[in-house]
Amino acid sequence: MRTVDLRSDTVTEPTRRMRKSIGEAPVGDDVFGEDPTVRRLERSSSELVEKEAALFVPSGTMGNLISVLCHCQRGEEVILGDQSHIFLNETGGVCALGGVVVHTVPNEQDGTISIPRIEAAIRGSDIHQPLTKLICIENTHNRCSGAPISAAYTAEVCGLAQKRGLAVHLDGARLFNAACALKVDPKELARDVDSLLFCFSKGLAAPVGSVICGNREFIERARKVRKMLGGGMRQCGVIAAAGLVALEEMTTRLEEDHINARRLAEGIDGIPGLHVDTSLVKTNILYADLVADTLSCKELLDVLESSGVRILQTGPARFRMVTHYGIGAEDIDYAVETIRGALK
Ligand code: TLP
C-alpha cells in the first residue's frame, strides 16, 4: 500500500548522499571544539545568513530555548505571537527553565504581529512590571499556514526593537521555505535580527539538527547554555555531515514542495465537508477544517490511515498537511482522492 505521510516535513528520511557523508565524515570531540565537520557546518551556516558565528544544536526547540535564555535573565520578558511555536509547542521551556515571562500578542492570519500591538506590549519603567528584553518572530509561520514573512516586515520589527533597546530573535525553522516563496536570499530575511535559528531536520531532510546564528559574543554564551542544558555533543560530525548536504542540495528543491502543497489545497478545495482557504497556502503547510457532521475527526483520521494517508490533527476539527521531500505529485493526487473518498 502507498503511504503518504503529510503529518510533518520532519518525517523525511536522509537522502542517499546524506547517508554516504554520514559514513565518511571526519569527526572529533565537539565539546572541545574539535569536530571538523561541525565547524564546517557552523561556518557555512553563519556565512549563509551573514552572521559572525553559528552553533550546531540538537533541535529547533533547544535552539530557541538557548537563544531566549541568552537574551533574557530570569524575570525578564519576551514578546511573541500567540500562535508562535515557542509559545505553543515548546513545552513552556523558556518559563520552566529560564524563568522568562512570556507576553503573547495576537498573530495576524499572515503570521505577522501588528507593529502597534508589539509597541503597546513593550513595558515602560513601572516598578511593578517585568523588563521587556526580546521580541520573537517566526518565519515561515507554522500555525499561520506556513506564511512567509517579508524582509520589510522583519526590518520594521527590528527598527522598533532597536529604538526601544530590545533584541529580536527569529525562529526560522523553515527559513529556506520562506526565502524560496518570497524569492529572496535567506540573508535578507536574517539581516536585521540579533539571532536566528534554522533547522536541517524539517524540509531539508537531514535526520537531526538545527543551528543558531548571531554575533560571536552571543554564540559563545549560547555554547555555554547549550552545555548547561545537556546539549553538548561529542562526535556529532556524523549528524552535521547530513546538515552540510542539506545546505548544499536541499534548499533549491523546496519550490517542488510548495507546488505540491498548492496542488493538494486546490485538490481538496470544494470537497463537501472540508474547508480550506487556498489563498493562504504559500509554502509547504496547509490547514483544513472538518465541517461535515457525518463523521468525527477520529473517524476521518482512521479511514485515511487505513489507506496510508497520514495527516495531523491540530485542533478540535482542524488538520495540518505538510508536503516534503519524498512526496510527489502522484502522492498528492492519491491523498486527494483518498480524502474525497473518506468524506463521501
Ligand atoms: N515543529 C514541528 C512540531 O513541533 C509541531 C512540526 O512538525 O512542525 N520552530 C518551528 C516553527 C517549528 O515548526 C518547529 C517544529 C520547531 C521550532 C522545533 O523544532 P524541533 O522539532 O527540531 O525541536
Side-chain angles (χ1 to χ4, degrees), residues 45-55 60 63-73 76-87 94 100-108 110-124 130-144 147-199 210-219 221-222:
S45 301
S46 61
E47 281 170 10
L48 212 94
V49 292
E50 279 185 345
K51 298 288 175 200
E52 282 176 11
L55 182 73
N64 281 331
L65 175 60
I66 292 171
S67 303
V68 175
L69 296 195
C70 285
H71 287 296
C72 303
Q73 300 293 312
E76 292 177 345
E77 182 178 72
V78 52
I79 293 174
L80 38 64
D82 66 346
Q83 297 301 308
S84 65
H85 195 275
I86 297 179
F87 177 56
V94 299
V100 176
V101 181
V102 166
H103 190 161
T104 57
V105 181
N107 275 112
E108 305 297 319
D110 66 1
T112 62
I113 313 169
S114 92
I115 301 288
R117 276 190 166 145
I118 298 179
E119 191 149 24
I122 300 171
R123 314 283 193 160
L131 184 65
T132 307
K133 275 312 230 347
L134 176 67
I135 302 167
C136 288
I137 52 176
E138 187 174 313
N139 197 6
T140 61
H141 200 291
N142 185 341
R143 281 254 164 185
C144 295
I149 310 292
S150 71
Y153 171 79
T154 307
E156 244 188 290
V157 173
C158 294
L160 169 63
Q162 229 168 29
K163 207 169 73 190
R164 303 294 297 266
L166 310 180
V168 175
H169 171 70
L170 165 63
D171 174 356
R174 296 183 180 82
L175 183 73
F176 298 101
N177 292 87
C180 167
L182 297 166
K183 300 198 184 337
V184 298
D185 195 291
K187 63 172 78 98
E188 297 297 316
L189 304 175
R191 193 178 42 218
D192 303 306
V193 302
D194 298 279
S195 62
L196 76 144
L197 160 101
F198 59 84
C199 296
S210 300
V211 73
I212 312 170
C213 303
N215 69 28
R216 231 167 255 120
E217 189 238 316
F218 178 84
I219 292 300
R221 268 189 293 138

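Just so we're clear, the structure is a prediction, and the values are computed from it rather than from any experiment.
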With rounding to the nearest 0.5 Å, note down the distance linking CZ in Arg164 to CD1 in Ile135. 9.0 Å

Atom CG of Asn142 and atom CG of Asn177: how far apart are they, to the nearest 0.5 Å? 10.5 Å

Any donor-acceptor pair under 3.5 Å from Glu138 side chain to His85 backbone: yes

Heavy-atom neighbours of Gln73 CD exceed 12 at 6.0 Å: no

Closest heavy-atom contact between Glu77 and Ala121? OE1-O, 4.1 Å

Spacing of CZ belonging to Arg143 relative to CD belonging to Gln83, to within rounding of 0.5 Å: 6.5 Å

Give the C-alpha distance, both sets of side-chain angles, the deciding distance and a yes or no for side chain to side chain contact (heavy atoms under 4.5 Å, CB included) between Ile149 and Ile137. CA-CA 9 Å; Ile149 310 292; Ile137 52 176; 5.6 Å; no

Can you confirm whether Phe87 sits close enough to Cys136 that some side-chain heavy atom of one is under 4.5 Å from a side-chain heavy atom of the other? no

If you compare all heavy atoms of Cys213 against all heavy atoms of Ala54, which two are closest, and at what distance to 0.1 Å? SG-CB, 3.9 Å

Considering non-hydrogen atoms only, spot the tightest contact between Pro186 and Phe176 and give its length. CG-CE2, 3.8 Å

So, do Asn139 and Leu189 sit near enough that their side-chain heavy atoms are less than 4.5 Å apart? yes

Kindly give the heavy-atom pair with the smallest separation between Val105 and Ile113, and that separation in Å. CG1-CG2, 3.3 Å

How about Glu119: does its CD atom have over 12 heavy atoms from other parts shown lying under 6.0 Å from it? yes

Keeping the roles fixed (side chain from Thr132, backbone from Arg123), state whether a donor-acceptor pair exists under 3.5 Å. yes

So Thr112 and His141, side chain to side chain contact (heavy atoms under 4.5 Å, CB included) or not? Walk me through it. CA-CA 8 Å; Thr112 62; His141 200 291; over 6 Å; no

Between Glu52 and Arg216 (side chain of the first, backbone of the second, donor and acceptor by atom type, cut-off under 3.5 Å), is there such a pair? yes

Examine distances only and state if a side-chain atom of Lys51 and a backbone atom of Ala190 form a donor-acceptor pair shorter than 3.5 Å. yes

Non-neighbouring partners of His71 that pass ring-ring contact (aromatic ring centres under 6.0 Å, His included), sequence neighbours left out: Phe218

Please tell me if the side chains of Ile86 and Val78 come closer than 4.5 Å, counting only heavy atoms from C-beta onward. no

Between Val102 and Leu80, which heavy-atom pair has the shortest distance, and what is it? CG1-CD1, 3.6 Å

Rounded distance [0.5 Å steps], CG in Asp82 versus NE2 in His103: 11.0 Å

Please check if the side chain of Arg221 supplies one atom and the backbone of Cys70 the other of a donor-acceptor pair under 3.5 Å. yes

Closest approach of Asp110 to Cys144 (non-hydrogen atoms, all atoms of both residues): C-CB, 4.5 Å

Is there a side-chain contact between Leu134 and Val168 in this structure, where contact means two heavy atoms from C-beta onward sitting under 4.5 Å apart? no

Inter-residue atom distance Ser46.OG - Ile212.CD1, 0.5 Å rounding: 13.0 Å

Are Val49 and Leu175 side-chain neighbours, meaning at least one heavy-atom pair lies under 4.5 Å? yes

Check whether any side-chain N or O of Asp194 sits under 3.5 Å from a backbone N or O of Ala167 as a donor-acceptor pair, and report yes or no. no

Taking C-beta and beyond as the side chain, do Ser84 and Asp171 meet within less than 4.5 Å on heavy atoms? no

Side chains of Leu170 and Thr154: does their closest heavy-atom pair fall under 4.5 Å? no

Output for pair (Leu197 CG, Asn64 CG), nearest 0.5 Å, gives 5.0 Å

